[in-house]
Amino acid sequence: MKKDEQNDKKGISRRDMLAGLASLPVLGALGYGLFLHTSERNKYKSGLLKGIKPVLPSGIPPLVDGPVLRLGVVGTGGRGMYIMKALGFVIPERIDEWKSRAATDKYWRDYLDEFMAQEQLNVRVTAVCDVFGKHAAEGMAAGSNLYRNGQSGEMADVPRRYLTYQELCASPDVDAVIVATPDHLHVPVALEAARNGKHVYCEKPLSWTVEETFEARKVVKDTGIVFQLGHQGRQTESYQVAKSLIEQDVIGKISLIEVCTNRNDPNGAWVYDIDPEANENTIDWKQFIGPAPWHEFSLERFFRWRCWWDYSTGLSGDLFTHEYDALNQILGLGIPHSAMASGGIYFYKDGRTVPDVLNMAFEYPERDLTLLYSATLSSEKNRGKSIMAHDAWMELDETLTVYLDRSSTRYKDQIEKGLLEPNKPIFSYVPGQDKIDAITTPTEKYFAGRGLLYTYRDGKAVDTTHLHLREWLNCIRLNNGTQPSCDIDQAFEEAITAHMGTISYHEKRRTFWDAINERIV
């Protein structure tokens, strides 16, 4: 059997893909492939899908003019420091480390180049707060040095460390607050900031309990602050392409959506390293506990807090919300009619209380569709988002592929004439696959493959968190009531949906959303 014939049986060859791309207009440095298999030597005829125009975000929105915005960061651990990097603030020694690695490693060379090319956002970090002294010191070091554009280090004012988030939120030297704490402190900090007139960027999920979800929405709306929930996937290019294709009815009526989380390493299962400098004298344990049930000091609970319901929202709030928000962005799903969940602690017998395997089903009868979520933290089998419809199905992550269904009504004539082949791609979007493959850390690769580390604008890789923060800052500077893409209404839908799944898991029964009275029953 010839090589081309073997490729025909597999689906689509790299040569065919390139040929399809070459026949289409080039959009920046990216190509879109409308791949149409025909019975005549697999030549592509893009006219068969005439009129379908995938929407590509054009460039990076310019910064809105305005004064320097003064930021306070509450929580300067791993995620907090990543957010600071997306703003342009990194510990100088970290830059030196990147430069050393870049000398022999292309991945780090690209990583450094992308950071150095990242536009400055006209902000200052004036305040930090973290209950662990070492993390607070690292936040201050990063916030005091804007090490960019190849310069030796442009020194800014050293941020002030506040011992409590209440003091930081009340500071007249802070215009907006970034919340990067454990889940159980998201709403307490966000409320304190909003009530002090500070704009809020809050990491996902929005809330730890159902009750505080309602309070957060009310306070944000009453105060009129600009609120952005940290679902940086809102900036992922492939999601926006998917939305445009679905709106043009490329895949037909959707009946089933499946989203998944698979990981298989301790870091991915939240068994984070314990810092040797951490102890009862360097951690404000009482402040860490906050509204959670009291527990004696525990380094495991402090660093691996995601493993306990006392501080965490588990798989539903941590990882499912990424997948849900992507689909809510694409399809406008809103809060489901009902939820049913099951699972358990099947692998990590380490004292945790949150499950490491979870299955959830969310019903949308008014949309005639079901959203399924399944997760395991002890298998790395790659599974993406699958949107299944009558005429085609879509496989979606950072890449996107649409496959033709053999029973399609829309494409029935082309199938019968042999112009289109069932179960073959009719559309494919593949940006930066080499960059994903270059990542070696399993957890980073998981996020990269889902478009949660970077996306593309005009063919260039861009940090999604940078774009998400930029959107928030632009809305603040506009000062006209404009809210960003993941505002408090989107955050409310995310939180209620996740809580419905969590309550179902705990109570081992189906939960329902009473939309008229806005309550879970």
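We use all heavy atoms of the structure for the numbers below, so side chains are in, but hydrogens, waters and symmetry mates are not.
Checking side-chain atoms of Asp183 against main-chain N and O of Trp208 turns up no donor-acceptor pair under 3.5 Å. A donor-acceptor distance shorter than 3.5 angstrom exists from the side chain of Tyr346 to the backbone of Gly343, with no hydrogens or angles considered. Listed for the Asn122 side chain is a donor-acceptor partner under 3.5 Å among the backbone atoms of Gly66. Side-chain atoms of Trp472 come within 3.5 Å of backbone atoms of Val226 as a donor-acceptor pair (strictly under, hydrogens ignored). The backbone N or O of Ser407 lies less than 3.5 Å from a partner atom in the side chain of Asp405, making a donor-acceptor pair. Panel note: side chain Gln329, backbone Thr236; no donor-acceptor pair is recorded below 3.5 Å.
Within a 6.0 Å sphere centred on CZ of Arg94, heavy atoms belonging to other residues, nucleotides or ligands number 12 at most. Residue Asp514 places its CG atom among more than 12 non-hydrogen atoms of other residues, nucleotides or ligands, all under 6.0 Å distant.
In this model, no donor atom of one side chain and acceptor atom of the other lie less than 3.5 Å apart for His390 and Ser255. Side-chain contact check for Asn480 and Thr482: at least one donor-acceptor pair (N or O, by modelled atom type) lies under 3.5 Å. No side-chain donor from either of Arg306 and Ser312 sits under 3.5 Å from a side-chain acceptor of the other. Side chain to side chain, Glu258 and Tyr373 fail the donor-acceptor criterion of an N or O pair below 3.5 Å.
Put simply, the side chain of His322 does not reach to within 4.5 Å of the side chain of Tyr324, judged on heavy atoms.
Note on ring orientation: taking the six-membered ring where Trp is involved, the planes of Phe362 and Phe320 are parallel (angle under 30°, cut-offs 30° and 60°). Using the six-membered ring where Trp is involved, Tyr111 and Trp108 have ring planes that are perpendicular, over 60° apart on the 30 and 60° scheme.
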